[in-house]
Protein chains: 2
Amino acid sequence: MADVAREAGVSRTTVSFVLNNVADSNIPEATRERILQVARELNYVPNVQALNLVTGQTMMIALIVRQTSEQMSIDTFTGEFIRGVTTVIEAQNYHLLVHAAEPDAPESTYGKLVRTRKVDGLLVTSPLVNDPEVRLLHDEGTPIVLNGSTDADDIPSVDVDNRQGAYTAVRHLINIGHRRIGHISNAPFSYRSSSDRLEGYRQALAEAGILYDLNLVMQGEFTPSSGFRPMLALLDSPEPPTAVFVGSDTVAFGALEAVRHRGYRVPEDVSIIGFDDIVFSQYTLPPLTTIRVPAYRLGYSAGELILKIIQGEKLPDYRVVLPTELVIRRSTVKRP
Amino acid sequence: MADVAREAGVSRTTVSFVLNNVADSNIPEATRERILQVARELNYVPNVQALNLVTGQTMMIALIVRQTSEQMSIDTFTGEFIRGVTTVIEAQNYHLLVHAAEPDAPESTYGKLVRTRKVDGLLVTSPLVNDPEVRLLHDEGTPIVLNGSTDADDIPSVDVDNRQGAYTAVRHLINIGHRRIGHISNAPFSYRSSSDRLEGYRQALAEAGILYDLNLVMQGEFTPSSGFRPMLALLDSPEPPTAVFVGSDTVAFGALEAVRHRGYRVPEDVSIIGFDDIVFSQYTLPPLTTIRVPAYRLGYSAGELILKIIQGEKLPDYRVVLPTELVIRRSTVKRP
DNA sequence: TCGCGTTACTAACCCGTGTCAGTCAAAAAA
DNA sequence: TTTTTTGACTGACACGGGTTAGTAACGCGA
């Protein structure tokens, strides 16, 4: 910038005024043109580091991901989510920093990012949603948005309507004649998403006057293999279900496998409905009926929300809840 | 830092010396202790922006991804790759910036990142590997590592041995008695990965004395649906193959679907082998025989390589080629 | 007592930018 | 003619650190 100033025969201040289009700095058109010309010739590009230093903004938002390698390899959600986030924030000149929080290093691994002024705000994905560090940072005034629901109602978050989605799924099974309906969760019930989905399941049953039977409720944990045993258990129970609501497509793959393993068929012997609608659910045998979760739009919303918070907008409600959608394919069928 | 200096009754310089453990600055233990104590009390954290400005380093590496939303939703590779990269670079205090390059904005969208000093280096994923911008940046001296192979041999890159992997796949089919073997690519043949895999396919055929038949070679494009039609075409041909090597698991899913669609069975009527070994390949019906690509390790290697380049290490060879592994499951079977 | 080498620091400059408070000459108003 | 206003700029400080060159005080040997 100093070079440009020298070359154009003006002060650095003037160059700054011109390049930033500062109002009330009456620079005549001739000078302005000359400066722009020189800047172009000298191939001037501002140093954002210096800019950040003086403005106090980093134009950077961190996405904190805590997943094992195994989870990551299964996960198509995060990719779509990232795409949604970047689409919004890059349009406003922000960038996304992806940070993998180590499961064993319990704290301050990501708090450091904001304390050292590396980023302006934090997007935190679900397993960390109840981390005390999150609470602390939020109370310190750090712009933060959770992806997933917590019990902490005052922290901004973005999530899908899990209860409603589960309700819709089970309602669908009931509508097509099922009364004995099992459930395998997507994750341990300590996760809010799991307990919310369970609640939706129970609500649908209650409305239809079906008794809640604890023997029909099993716990899955993210992976296909975690759906295998629970499904076997359901099939082997004295009074097996005619339909099962699985809280995650990925877990449902293991469940499908288990049904085949016992020599039964989907959907003739058991109907199965999943949750998430990942791409591969179209290609299982049979294609999986499921509840669609708009991963891209969740990311998009999270991006919008964090930007608003960073820019100090006062919003009436900091929580975004997106609707789900029932996608009927071939793994569920009318009970004769 | 000025606060710490004032509180400790020393100059800012001294504080800097102590905090950075500068050699040859003989600060007595007493003073050192006092400064550290005050820094702790005042909860001092350095401002990395300021540090970056003075050191000229940003401790930031960008990963440039160019994928459509649809590709992203299928992709489990990128997630694992990211995990590999962050594992290495965060250990050295670097961070990863993920940038989604718009397919329509052809250039300088990511070059800007390095020119404005936002990042110290670039990791570029495959669709962009032949982008002229890449060439330009490399020639300008930007530290850059490609994920995927190009014809430009002088640019550092990380990739799997595509030719060898394909060779192994087809060799496997030949070993179990197949002679009429089709191929559906993972991507258009303009992609280096596709043409390399095709080459491996041809090499295996040639070695076994099998004539290369162009009618048996089809083109896929990333998605399951792009594997559907080509497979139908192969099945409907006058002399259909008894086995097909598909250049991508994802595309293979569509192929499996096509086989069922025509009322045939895998592997009894056609054997199918994929490429990538994504998690879901274990859960197709039948589970897919495939070639494993170490996504995490590719990311890890890419991270190591870019750090070495940034730190100015002169390496004999800037190209990393990782081996693949044959994973035999149930979609391939001995030809009677 | 003087000179010199250590020890324990510090003043001042630099990185690349934004921005406020002036400055100076020319034009307009009194 | 003198004063005021306007136009066109610029000097200097700030952001939060790293670093080089230098200095004051002290101890020690001659």
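Throughout, protein chains are lettered first and strands after them, A, B, ... in sequence-line order, and every chain is numbered starting at 1.
What separates CG of Asn52(B) from P of dC15(D) is a distance of 18 Å, to the nearest Å. If you take CD of Gln57(B) and P of dG16(C), they are 14 Å apart, rounded to a whole angstrom. Atom pair Asp24(B):CG and dT6(C):P shows a separation of 13 Å (rounding to whole Å applied). The separation between Asp3(B) atom CG and dG16(D) atom C1' is 11 Å, rounded to whole Å. Straight-line distance from the CG atom of Asn26(B) to the P atom of dA25(D): 18 Å, rounded to whole Å. One atom, CZ of Arg115(A), and another, P of dG16(D), lie 18 Å apart when rounded to the nearest Å. Atom C1' of nucleotide dC15(C) and atom CG of Leu53(A) are separated by 9 Å, given to the nearest angstrom. One can place CD of Glu33(A) at 15 Å from P of dA8(D), the figure rounded to the nearest angstrom.
Among the heavy atoms of the strands lying under 4.0 Å from Val45(B) are primed sugar atoms or P, OP1, OP2 only; no base atom is included. Using a 4.0 Å heavy-atom distance criterion, Asn47(B) is classed as a sugar-phosphate-only contact.
A distance of 6.0 Å separates OG1 in Thr58(B) from NZ in Lys118(A), rounded to the nearest 0.5 Å. The structure places OH of Tyr94(A) at 14.5 Å from CG of Leu97(A), a figure rounded to the nearest 0.5 Å.
In summary, Glu133(B) and Arg115(B) engage in a salt bridge, as defined by a charged side-chain N under 4.0 Å from a carboxylate O. The residues Asp154(A) and Arg319(A) are annotated as not salt-bridged, no charged nitrogen and carboxylate oxygen being separated by less than 4.0 angstrom.
Ser157(A) contributes no side-chain N or O that, together with a main-chain N or O of Leu146(A), makes up a donor-acceptor pair within less than 3.5 Å.
Taking the six-membered ring for Trp and the full ring otherwise, Tyr191(A) and Phe222(A) have centroids separated by under 6.0 Å.
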Can Leu63(A) and Thr125(A) be said to form a side chain to side chain contact (heavy atoms under 4.5 Å, CB included), step by step? CA-CA 8 Å; Leu63(A) 173 69; Thr125(A) 59; 3.9 Å; yes
Can you name the atoms? Protein N/O to nucleotides 18-22 of chain D N/O, anything below 3.5 Å, with the distance.
| residue | atom | partner | partner atom | Å |
| --- | --- | --- | --- | --- |
| dG18(D) | OP1 | Asn20(B) | OD1 | 3.2 |
| dG18(D) | OP1 | Asn20(B) | ND2 | 2.9 |
| dG18(D) | OP2 | Ser16(B) | OG | 2.9 |
| dG18(D) | OP2 | Asn20(B) | ND2 | 3.2 |
| dG18(D) | O6 | Arg12(B) | NH2 | 2.7 |
| dT19(D) | O4 | Thr13(B) | OG1 | 3.3 |

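Considering only the side chain of Ala50(A), dG16(C) comes nearest among dG16(D), dT10(C), dG16(C).
For dG11(D), the OP1/OP2 oxygens have no side-chain nitrogen or oxygen of Ser11(A) closer than 4.0 Å.
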